[in-house]
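Just so you know, ligand 1 is whichever comes first in the structure, and atom 1 is the first atom listed for that ligand. As the structure is a prediction and not an experimental result, all values here were calculated from the model.
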Amino acid sequence: MVVERKHVRRGLWNHLMRCGVEMGLASIIYEVGVASKYINHAMRTGDLGLAGTSNLYGEEQLALDVLADEIIKDRLDHTGRVSKIISEEQSDIIIFERKGKLRQYSVCYDPLDGSSLVDVNLAVGTIVSIYSGDNPLQAGRKQMGAMYVLYGPRTTLVYSVGKGVYEFTLNSLGEYTLTRENIVLKDHGNIYSPGGQRQKYLPNQRKFVGYLEENGYKLRYSGGFVPDINQILLKGSGIFMYPALSGSPDGKLRLPFELNPMAFLIENAGGSASTGTMPILDVIPEHLDQRCPIYIGSRQEVAMAEKFLAVEN
Ligand code: AFP
């Protein structure tokens, strides 16, 4: 009997194959992992100059988010299994030439969410949403899989294809090894992550946050969607919100490459994700830059938010 060495058994590709993930879907998840290693390296070693400046060799300096977008785009094309992509860095849908009869997927991604936090050394992330076929603008409920990479003190990759939520950690050999499996959220928590400026909160939102504070919930907010969601997922409870604000009735966060992937992951971990009136995953996207308010995390806190928001003023 061949005994697999532990690190092999716990490696990302080996895990995806053992879980029976379809080869094309597995290769997309794996290649985003490969891309993240280059992004991770650039972030921790490169000159974080702004796009359009030149580095000391006179080469065109790519801002980290532009570089991250290029790297991910190339790796997704390399799979031969992606027909269309939507990127936070691109203004239009990008179409790859079809390669043979292999099953195709469409991918929406934010290559470096929170990029304004990089130069103050706060954690940022890559967020990815995967659909079957050649339409990247589908309701989130149709996702085949979703994942994020968190570039923090450790670099971690979290994914789900609807059969549990798994975390992998990048080790010193450059391998992603399984560090948490079947991650689940408790129905009730004690941390809240309130996005947006307080003075722009609408009355019911203000009342909801007041309720949380009066009931001892602890405020945890970094300004990075990925680390803030990751904290709730791995602490096992809590609620993140980016509400409708006066002047911004749809809040700030984008449906295709921020809200849908995180809602897919949190629902697969037993939590819920709402616009405040309906599940995020049931929103029918109409355009690339569509935004929604979001309340996401433990079921009880999300349901409580919906109750507060339903009160007639
Ligand atoms: P940047 O990508 O511009 O840094 O914005 C990050 C983000 O899209 C998301 O990661 C945060 O949850 C949210 O914005 C923070 O927004 P506020 O700065 O308005 O709280």
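- Proximity of L253 to ligand 1, defined as any heavy-atom pair under 4.0 Å, is confined to the side chain (atoms from C-beta onward).
- Aromatic pair H15/Y159: centroids less than 6.0 angstrom apart.
- Of all protein heavy atoms, the one closest to atom 2 (O) of ligand 1 is G114 N, 3.0 Å.
- Annotation: F225 places an N or O atom under 3.5 Å from an N or O atom of ligand 1; distance criterion only.
- Between E22 and R81, at least one side-chain N (NZ, or NE/NH1/NH2) sits under 4.0 Å from a carboxylate O, which counts as a salt bridge.
- Remark: E213 engages R198 in a salt bridge, criterion side-chain N to carboxylate O under 4.0 Å.
- Residue-to-ligand polar distances place Y242 within reach of ligand 1: an N/O pair is separated by less than 3.5 Å.
- The residue among G223, G196, S116 with a heavy atom at the shortest distance from atom 1 (P) of ligand 1 is S116.
- Under the 4.5 Å side-chain heavy-atom criterion for Ile, Leu, Val, Met, Phe, Trp and Tyr, Y148 and L117 are members of distinct hydrophobic clusters.
- Residues P243 and Y295 share a closest heavy-atom pair of CB-OH, 3.4 Å.
- Of the protein's non-hydrogen atoms, the one nearest atom 14 (O) of ligand 1 is K252 NZ, 3.0 Å.
- Salt bridge status for D77 with R75: absent, with no side-chain N to carboxylate O gap under 4.0 Å.
- In the vicinity of E258, heavy-atom distances shorter than 4.0 Å reach the ligand 1 atoms 8 (O).
- Looking at atom 15 (C) of ligand 1, its nearest protein heavy atom turns out to be Y221 OH, 3.3 Å.
- Using a cut-off of 4.0 Å between Lys/Arg side-chain N and Asp/Glu carboxylate O, R141 and E267 are scored as salt-bridged.
- The shell of residues lying under 4.0 angstrom from ligand 1, judged by heavy atoms, excludes L117.
- Contact atoms of ligand 1 toward S115: 2 (O), 4 (O) (distance under 4.0 Å to a heavy atom of the residue).
- The ligand atoms of ligand 1 that sit less than 4.0 angstrom from a heavy atom of D113 are 8 (O), 9 (C), 10 (O).
- I280 is listed as a side-chain neighbour of I294, based on a closest heavy-atom distance under 4.5 Å.
- Side-chain atoms of S87 and D69 include a donor-acceptor pair closer than 3.5 Å.
- Contact between Q197 and ligand 1 is absent, with no heavy atom of the residue lying under 4.0 Å from the ligand.
- Among the atoms of L112, none of the N or O lies under 3.5 angstrom from an N or O of ligand 1.
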